[in-house]
2 protein chains.
Amino acid sequence: MVDTDSPGNAPQGIRARARAELLADVSRIARSHLAESGAAQLSVRAIARELGLASSALYRYFPSRDALLTQLIIEAYDELGESVELAAAAVDRDDLGQRFGSICHAVRDWARANPHEFALIYGSPVIGYAAPDDTIASALRVARVLIDLAADVPADGLVLRTPGPLNNTLVEQLTAANVLAGVDADLDVLVLGVELWAQLFGFVSFELFGSFKNAFEPADALFDHQIDMAIRAFGLA
Amino acid sequence: MVDTDSPGNAPQGIRARARAELLADVSRIARSHLAESGAAQLSVRAIARELGLASSALYRYFPSRDALLTQLIIEAYDELGESVELAAAAVDRDDLGQRFGSICHAVRDWARANPHEFALIYGSPVIGYAAPDDTIASALRVARVLIDLAADVPADGLVLRTPGPLNNTLVEQLTAANVLAGVDADLDVLVLGVELWAQLFGFVSFELFGSFKNAFEPADALFDHQIDMAIRAFGLA
DNA sequence: TGGAAGCGAGAGCACTGCTCTCGTTTCCAT
DNA sequence: ATGGAAACGAGAGCAGTGCTCTCGCTTCCA
């Protein structure tokens with residue numbers, strides 16, 4: 001029993017390494033349960049059972065089921081965010097229409113591949129659940145990709161815009177978003193982008209949660225049309 | 001104890017009247033619990049407690065908690081549907097822009113006044129929950145109001161439209177919707193309407209579920225702008 | 001008027017999240 | 001090297017859940 005910490009693989013002690021491993025195991029199993037049965041069915045005891053642990057042992061690692069859910073939320077946001085970032089980067093950066101379409105398809109594809117995860121982050125908050133600030137950074141990744149796109153869209157091509165100046169509050173909010181993202185998107189472009197962002201997720205929600213039932217199944221053609229329309233609204237067609 | 005069924009108020013027997021009353025009571029209490037704490041917290045036992053009944057007694061009236069939730073879902077759809085119908089009827093039928101705005105505001109106002117009900121019907125389905133057909137008719141009421149509007153929008157004014165013909169599948173789906181609603185809306189108008197429908201509910205979901213947090217609070221100006229843009233897309237401005 | 005059906009109460013089952021205690025193991029500072 | 005402190009896992013237990021079953025009682029209807 002000499003030299004427990006000399007091997008190069010883990011400079012940490014036995015405890016720390018075991019803890020890290022168990023945390024990873026819990027996360028892995030929790031994610032598989034989430035993917036299979038949804039957040040509502042996620043059971044601390046079931047996870048413990050699968051790990052061969054007493055349920056009480058898990059509370060050494062997570063203060064509550066909500067905390068576990070919060071971590072799953074963050075991971076879901078990050079997974080979606082990464083998909084979208086990759087999709088945006090995978091196409092010609094200057095072909096803004098294609099870039100927008102790629103982003104939209106990434107969101108929809110990820111949501112269809114991970115419906116319970118999507119429901120967890122964009123469906124009704126599981127309980128009175130006040131989203132902790134931890135989740136916000138990850139949640140913003142998709143928004144960031146879109147705002148970066150908006151910053152590249154030329155303002156003079158916009159097909160859909162209001163004639164007069166924007167409402168003062170709106171200008172402040174949009175400007176703050178620009179500042180937060182470190183870009184300087186035209187506000188008319190940006191506000192259209194925000195609205196198309198809502199449209200994108202409204203569409204995916206409708207598709208996954210059944211509002212298109214008996215009407216737009218499959219919804220592929222409708223989705224492509226919606227993207228086409230959005231590109232036209234931006235003046236990118 | 002003579003003449004129990006002769007009074008004009010209730011031709012039915014004692015049993016039937018008591019049953020109807022209790023059903024109404026359960027529904028009333030369930031709705032108040034839903035409005036206060038959300039669907040996830042809805043407890044059959046808590047309802048029974050408030051009624052002074054054993055929890056088992058409620059199972060004479062509802063086969064399961066899910067069945068109770070289903071009824072709440074239907075009631076929520078109907079309530080929202082009625083609000084929207086009233087809003088659409090409250091304005092000049094020929095002022096299509098105002099009619100559209102009135103519909104949108106009705107949806108948003110109802111959702112903000114009844115967030116848990118909105119989450120119940122447009123958030124993630126509570127469980128694996130396959131929406132029974134009972135709910136569909138009620139769910140269609142909002143869609144119907146919008147499709148009726150679309151049928152009145154002149155096709156030649158459309159600002160946002162695709163140049164070529166629509167995808168075949170899409171044409172079939174849109175035509176089926178027309179048939180189902182008994183109208184003959186122009187398909188380019190109709191598809192835009194569907195997409196703006198998704199946008200409307202995407203917006204409200206974002207607002208209620210926190211996606212606009214730290215960015216568009218309040219979201220009034222953004223909402224008004226979105227409606228304005230939609231009206232322009234329809235060519236109604 | 002008597003059998004059938006509907007009803008409410010209560011006990012009970014299997015499950016949940018979570019807490020507390022207790023003996024053991026690991027760690028870290030002396 | 002060793003002893004105290006901290007971390008750990010197991011297990012019992014609590015309060016709560018949805019739901020089932022049985023048992024008397026009441027209402028109904030033929």
Side-chain angles (χ1 to χ4, degrees), chain A residues 1-7 10-26 29-30 33-34 36-72 125-129, chain B residues 1-7 10-26 29-30 33-34 36-72 125-129:
Chain A
M1 297 306 172
V2 271
D3 247 359
T4 51
D5 58 12
S6 67
Q12 6 161 7
I14 293 179
R15 276 264 160 86
R17 198 165 57 245
R19 186 177 183 87
E21 269 177 30
L22 207 150
L23 277 171
D25 284 347
V26 170
I29 295 177
H33 286 198
L34 169 64
E36 238 182 61
S37 326
Q41 313 294 36
L42 192 77
S43 154
V44 175
R45 293 182 109 110
I47 295 171
R49 233 177 281 132
E50 192 162 332
L51 278 166
L53 288 179
S55 67
S56 58
L58 286 195
Y59 287 87
R60 301 269 181 207
Y61 299 86
F62 292 92
S64 70
R65 178 179 179 274
D66 270 19
L68 217 177
L69 275 180
T70 299
Q71 184 186 307
L72 291 176
V126 176
I127 46 170
Y129 194 77
Chain B
M1 296 307 169
V2 271
D3 247 359
T4 51
D5 57 14
S6 67
Q12 6 160 7
I14 294 180
R15 277 262 161 86
R17 198 164 60 247
R19 186 176 182 87
E21 269 177 29
L22 207 150
L23 276 171
D25 284 348
V26 171
I29 295 176
H33 285 198
L34 169 64
E36 238 183 61
S37 327
Q41 313 295 36
L42 191 78
S43 154
V44 176
R45 294 183 108 110
I47 296 171
R49 232 176 282 132
E50 192 162 333
L51 279 166
L53 288 180
S55 66
S56 57
L58 286 196
Y59 287 88
R60 301 269 182 209
Y61 300 86
F62 293 91
S64 69
R65 179 178 179 273
D66 270 19
L68 216 178
L69 275 180
T70 299
Q71 184 185 309
L72 292 176
V126 176
I127 47 172
Y129 196 76

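Labels below follow one simple rule: chain letters A, B, ... track the order of the sequence lines, proteins then strands, and each chain is numbered from 1. The analysis underlying the following values was restricted to heavy atoms, covering all of them including side chains, and did not include hydrogens, waters or symmetry mates.
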Heavy atoms under 4.0 Å, any strand shown: does B:Leu68 hit a base, just sugar-phosphate, or nothing?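 No contact.
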
Report which part of the nucleic acid A:Tyr61 touches: base, sugar-phosphate, or nothing (heavy-atom distance under 4.0 Å, all strands).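 The residue A:Tyr61 makes sugar-phosphate contact but no base contact.
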
Which nucleotides of nucleotides 14-26 of chain D have their base under 4.0 Å from a protein heavy atom (B), which only their sugar-phosphate (S), and which neither (-), written as one string 5' to 3'? ---BBBBB----B

C:dC7, OP1 or OP2 - any side-chain N/O from B:Arg19 closer than 4.0 Å?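 Checking B:Arg19 against C:dC7: at least one side-chain N or O falls below 4.0 Å of OP1 or OP2.
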
Distance check, rounded to the nearest 0.5 Å: [X] atom [atom1] versus [Y] atom [atom2]?
| X | Y | atom1 | atom2 | value |
| --- | --- | --- | --- | --- |
| A:Arg49 | A:Ile29 | CZ | CD1 | 12.0 Å |
| B:Thr70 | B:Arg65 | OG1 | CZ | 10.5 Å |
| B:Gln71 | B:Leu68 | CD | CG | 6.5 Å |

What integer distance in Å separates [X]:[atom1] from [N]:[atom2]?
| X | N | atom1 | atom2 | answer |
| --- | --- | --- | --- | --- |
| B:Leu23 | C:dG6 | CG | P | 14 Å |
| B:Asp25 | C:dG8 | CG | P | 11 Å |
| A:Arg17 | D:dC8 | CZ | C1' | 16 Å |
| A:Leu58 | C:dT16 | CG | C1' | 14 Å |
| A:Ile14 | C:dT25 | CD1 | C1' | 9 Å |

Taking distance alone, no hydrogens or angles, what donor-acceptor pairs closer than 3.5 Å link side-chain atoms of residues 52-64 of chain A to residues at least two apart or in another chain?
unit_1  : atom_1 : unit_2  : atom_2 : d
A:Ser64 : OG     : A:Asp66 : N      : 3.3
A:Ser64 : OG     : A:Ala67 : N      : 3.2

Which residue lies toward the 5' end of DNA chain C, B:Gly52 or A:Ala16, if each is placed at its nearest nucleotide?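 In this pair, the answer is B:Gly52.
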
Would A:Ile47 and A:Leu42 count as a side-chain contact (heavy atoms from CB on, under 4.5 Å) if you check the C-alpha gap in whole Å, the side-chain angles of each, and the deciding distance to 0.1 Å? CA-CA 8 Å; A:Ile47 295 171; A:Leu42 192 77; 4.3 Å; yes

Check the pair B:Leu23, B:Val26 against side-chain contact (heavy atoms from CB on, under 4.5 Å), reporting the backbone distance first and the verdict last. CA-CA 5 Å; B:Leu23 276 171; B:Val26 171; 5.7 Å; no

